[in-house]
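What follows is a single structure, written as structure tokens, with notes after it.
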Amino acid sequence: MRYETVIGLEVHVELATKSKIFCSCSAHSFGAEPNDHVCPACCGMPGMLPVVNRRVVDYGMKAGLMLNCHINRTTTFDKKSYYYPDLPAAYQTTQWFAPVAVNGLVEIETSKGKKNVRIKQIHMEEDAGKLVHDIREDTTHVDFNRTSVPLIEIVSQPDLSSAEEVEAYLERLKMLLRYAKVAECEMAHGTMRCDVNLSVRPEGSDKLGVRTEMKNMNSVEAIKRAIEYETARHIDALENGTEVLVQETRRWDDIKGKSFAMRTKETAGDYRYFPDPNVMPVVIDDEWFESISATLPEFPEVKKARYTEELGLGEYDADQLTKSIALCECFETAYEACGSAKDAANWMISEVMSILNARKMTYDMLDINGRALGELIVLVSSGKVGRANGKKILAAMFDDNTILPEKYAEANGFIVSNDTGLIEKTVKAAIEADPKAVSDYKSGKEKAIMSIFGKCMKELRGNCDPQVLRKILIDTINNM
Amino acid sequence: MKIYTSKVDTDSARVVVADDMFLTKDMPTAAGSKMLDGYMSLFDAEVLTRLSDKGYVLGGKADVGEFAFDLIGETSYNGAVISDGKLTTASAEILKAGEAMATLNMDVNGSTRRAAAQNGLVSIKPTYGTVSRYGTVPVACSGETVSVTSTTADSCREILDAIAGHDDKDGTSLPTASCEKVKSAPAIRRVAILTSMTKGADADVLAKLDSVKAALTANGVEVCEIDNEVIPTARVAWNILMSAELCNNVSRYDGVKYGYRAQSFSNIDELYTNSRTEAFGELLKSTILFGSETLSTDNYMKVYDKALRIRRVIVEAFAKIFESFDAILMPACSALAYTEADIKENKYLVFEENFYTAPASITGLPAVVFGGAQMVGRSFSEMALLDLAKTCEKEGK
């Protein structure tokens, strides 16, 4: 019998707000000492009251709109009770009854073509802390830096049917949320986490099989392996009766390459959800809603189409540029400043992206001033600055995004000189120093003067129009 | 028994004593529970900061029943306060002894109103959201309010005025424009006595109600008897909501991070269990169990959600009455004294006695206790209620 896998995902994404969801502690603890970014509120101490960070709602709404969701104009927070040492108040504030966004749609593309994945809901919630186990001391420490860091949980309908589709879906979520600048979505950093709900049924059946939920996958590769393992386990159980499938939560062990039962439905805790009386319903009025929808970015496809159709870029260039919103924005500003989409795209792809790659930076980390890039492009294309010096200026702009290219070029002697006297003098000296190249050239080896040309360029520190130099050089030799 | 959990020596005439439900940086806050014995907060309650900014002196902290939701303070881990054979509250004793111009209380479940009614004090429970709860030990957050008790309506008004107003640190705090409405609330001209809410009250309580009625009439306030079948259901719904919220709020006390920790345990589950077993009192434990049950997946819709819907029906019932009346007169308790024997006989007496206090708790409406009776008014009518209490005080003299 042939089987099909039915997969739904619960994806947790850390929102990139500056502060936590209900207090003003910093939400970014990378490199911080444990329990550095905590206060009585995020430590669950009595007497502190949650005050909703409006920016979290902004981001939640944006995420919902990027995923084509309906936004609940009145969205509420609820308490979810469970005991775990990393949850200091013994409840998590989340959204159970009226999540910020519902009924969305995400289009994915795989080798089998395009497909829509329905989004059941997106809810906002606070993260828990972290337990740090010290094996040598046989102790466990708790770090509350992460408690109350804002998350959204994106719950899909069971519309996915393979590891490939799951990967495409996750990549798509990542791209859309990064476009909207609401999240980093980096599994390796824990800013994107994914639980997989999976069941298997005979192909064509409309009845769902027994569903298991898998947790603890730390990379897309691990998710794919876990899906393949779990699918095989389910099919084996159905075909060969190796075991009886039960609805349960399983933990993926990536080293062993196996999933292990954590808890069954019967032994699962009852979360005793109820509306949080300390958080008033958040009412999103028209003004608020419009202010968010007005700041939504173009979708990647729309941008790509615009780049090829309106700006006349090639398919490849448009593809490269739309890989990240940071690239798009830098390109668009540079284009605006320099007036040539082709030049701007050219610089972005052959220079900017190669510096990013060389510096092992992600595209989203691009932080140069697009307007300055546009000015630099004009300086080079007008011949005011040589291309090699232009690249040096760009590299400097990566180190300091306040650099103004023209000022920087002047200060560093990168302005192309029109002083033909100086060029002629340099050429003469170079010719005298290398009579062999001259005679080689005269005997027909045209390439022989390239070494003199290079030496002159170097002597002039690149500040010379190559065409002008070439002409003076050839004229001088011919006149000898 | 214990009256003060902390006491400050002062010559000031502007002394206010706060129940031990208000967190203080410089004094421990135990909320009447062994679980928080010696707990030092990292911050002060907003209302205490406001009082101190206005030159009032915190004269100390008054002991309270465990998390202040009991009948009349009897569940404090320091024991009940008994005066002349009567159960009473520490803050009522402090006021009667003239040691403070007013006390700040947490009106979680009516004990402060019962104590005021039984001790001839004036107590004002303001409109929910007009006084910040920042820095108060949370118990039943959807209905509990800071309240002010004193021997006179004037002192209540003065202190309430000093602490009320919007606070950014409390997400349920109403905007300034709403808080300001208390200043323009119309005077109370028509008062209804709800006959269904006088049920169970003894002759002494009914006599108090009658004298308040007489004082009102003498001051030109029209008093009518009406009936309403919905408002008496507040007790059952409130007991569900309060217990559920209490259960959730006290879950944070686990013996790990602060507060009481059991001496003997062999793993973390035992640490939790033993700490709670040893530090929580009986009434609290029963309420936790009940509250937990109301929220279970099986019960949520049948019990908790129904209680929420009843809350809305009760709010509407009050609104309907307030179309014709400015306030509603009712008892605050069934008797003018509770004895130790009463709670020995029925340790859950509070869940019956709060029949009288639950309507204002569940709706967030303001209520004033004076002359041994309780008057519930429209939202933002607290100052008008106190004005009336003051007029009746004069009448009584």
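Letters A, B, ... mirror the listed sequences (proteins, then strands); counts begin at 1. These values consider heavy atoms only, across backbone and side chains, with no hydrogens, waters or symmetry-generated copies.
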Open item on the list: Within the supplied structure, the quantity of interest is the number of heavy atoms (other residues, nucleotides, ligands) at a distance under 6.0 Å from E290(A) CD; does it exceed 12?
Closed with: yes
TODO: For each of E46(B), R276(B), M21(B), tally heavy-atom pairs with chain A at distances under 4.5 Å, and name the one with the top tally.
DONE: R276(B)
- [ ] Would you please indicate if the ring centroids of Y300(B) and F97(A) are separated by under 6.0 Å?
- [x] yes
TODO: Heavy atoms only, distances under 4.5 angstrom: which of P46(A), A90(A), P40(A), C23(A) has the most pairs with chain B? Name it, please.
DONE: P46(A)
Open item on the list: Return the CG to OG1 distance between L49(A) and T136(B), rounded to the nearest 0.5 Å.
Closed with: 6.5 Å
Task: Most chain A-contacting option - heavy-atom pairs closer than 4.5 Å, from V137(B), T294(B), T297(B) - done: T297(B)
TODO: Could you tell me whether the side chain of R272(A) reaches within less than 4.5 Å of the side chain of S292(B), counting heavy atoms only?
DONE: yes
Open item on the list: For Y304(B) versus P275(A), what's the shortest heavy-atom pair and its separation?
Closed with: CE2-CD, 4.0 Å
Task: Distance in Å, K79(A) NZ paired with C141(B) SG, rounded so as to fall on 0.5 Å steps - done: 5.5 Å
Open item on the list: Is it the case that over 12 heavy atoms from other parts of the model lie below 6.0 angstrom from the OH atom of Y84(A)?
Closed with: no
TODO: Below 4.5 Å from any heavy atom of chain B, which atoms of Y273(A) appear? Answer side chain, backbone, both or neither.
DONE: backbone
- [ ] State whether a side-chain donor-acceptor pair under 3.5 Å links D270(A) with S296(B).
- [x] no
Open item on the list: Taking side chain as everything from C-beta outward and backbone as N, CA, C, O, which of these in P50(A) sits under 4.5 Å from a heavy atom of chain B? Side chain, backbone, both or neither.
Closed with: backbone
Task: Neighbour count >12 (heavy atoms, 6.0 Å) for atom CH2, W288(A) - done: yes
- [ ] Taking atom NZ of K306(B) as the centre, report whether more than 12 heavy atoms of other residues, nucleotides or ligands fall under 6.0 Å from it.
- [x] no
- [ ] To the nearest 0.5 angstrom, please state how far the CE atom of M48(A) sits from the CG atom of L42(B).
- [x] 9.5 Å
Task: F274(A) side, atom CZ; E245(B) side, atom CD - distance, nearest 0.5 Å - done: 5.5 Å
- [ ] Using non-hydrogen atoms and a 4.5 Å limit, figure out which bit of F77(A) sits close to chain B: side chain, backbone, both or neither.
- [x] neither
TODO: Apply side chain to side chain contact (heavy atoms under 4.5 Å, CB included) to the pair S251(B) and Y91(A), showing each step before the final yes or no.
DONE: CA-CA 8 Å; S251(B) 300; Y91(A) 60 79; 5.8 Å; no
Open item on the list: Within a 6.0 Å radius of atom NZ on K34(B), are there more than 12 heavy atoms belonging to other residues, nucleotides or ligands?
Closed with: yes
Open item on the list: I need the residue from T172(B), L295(B), T29(B) with the largest number of non-hydrogen atom pairs under 4.5 Å to chain A.
Closed with: L295(B)
Open item on the list: Taking CZ in R211(A) as the centre, count heavy atoms belonging to other residues, nucleotides or ligands within less than 6.0 Å. Is the count above 12?
Closed with: no
Open item on the list: For S41(B) and M45(A): C-alpha separation, side-chain torsions, deciding distance, then whether side chain to side chain contact (heavy atoms under 4.5 Å, CB included) applies.
Closed with: CA-CA 9 Å; S41(B) 170; M45(A) 291 171 130; over 6 Å; no
Open item on the list: Checking side-chain polar atoms at under 3.5 Å, does N278(A) have a donor or acceptor matched by the opposite partner on R133(B)?
Closed with: yes
TODO: Of all the heavy-atom pairs spanning G47(A) and L23(B), show the shortest one and how long it is.
DONE: CA-CD1, 3.5 Å
Task: Closest contact, heavy atoms only, V51(A) versus G171(B) - done: CG2-N, 4.0 Å
Open item on the list: Do K257(B) and C43(A) have side chains that approach each other closer than 4.5 Å (heavy atoms only, starting at C-beta)?
Closed with: no
TODO: Measure distances from D254(B) to the heavy atoms of chain A and classify the residue's part below 4.5 Å as side chain, backbone, both or neither.
DONE: neither
Task: CG/N267(B): more than 12 non-hydrogen atoms of other groups inside 6.0 Å - done: yes
Open item on the list: Tell me if the CZ atom of R261(B) is crowded by more than 12 foreign heavy atoms within 6.0 Å.
Closed with: yes
TODO: Could you check if a side-chain atom of P85(A) sits within less than 4.5 angstrom of a side-chain atom of I268(B), using non-hydrogen atoms only?
DONE: yes
TODO: Under 4.5 Å heavy-atom distance to chain A, tell me which part of Y253(B) shows up: side chain, backbone, both or neither.
DONE: side chain
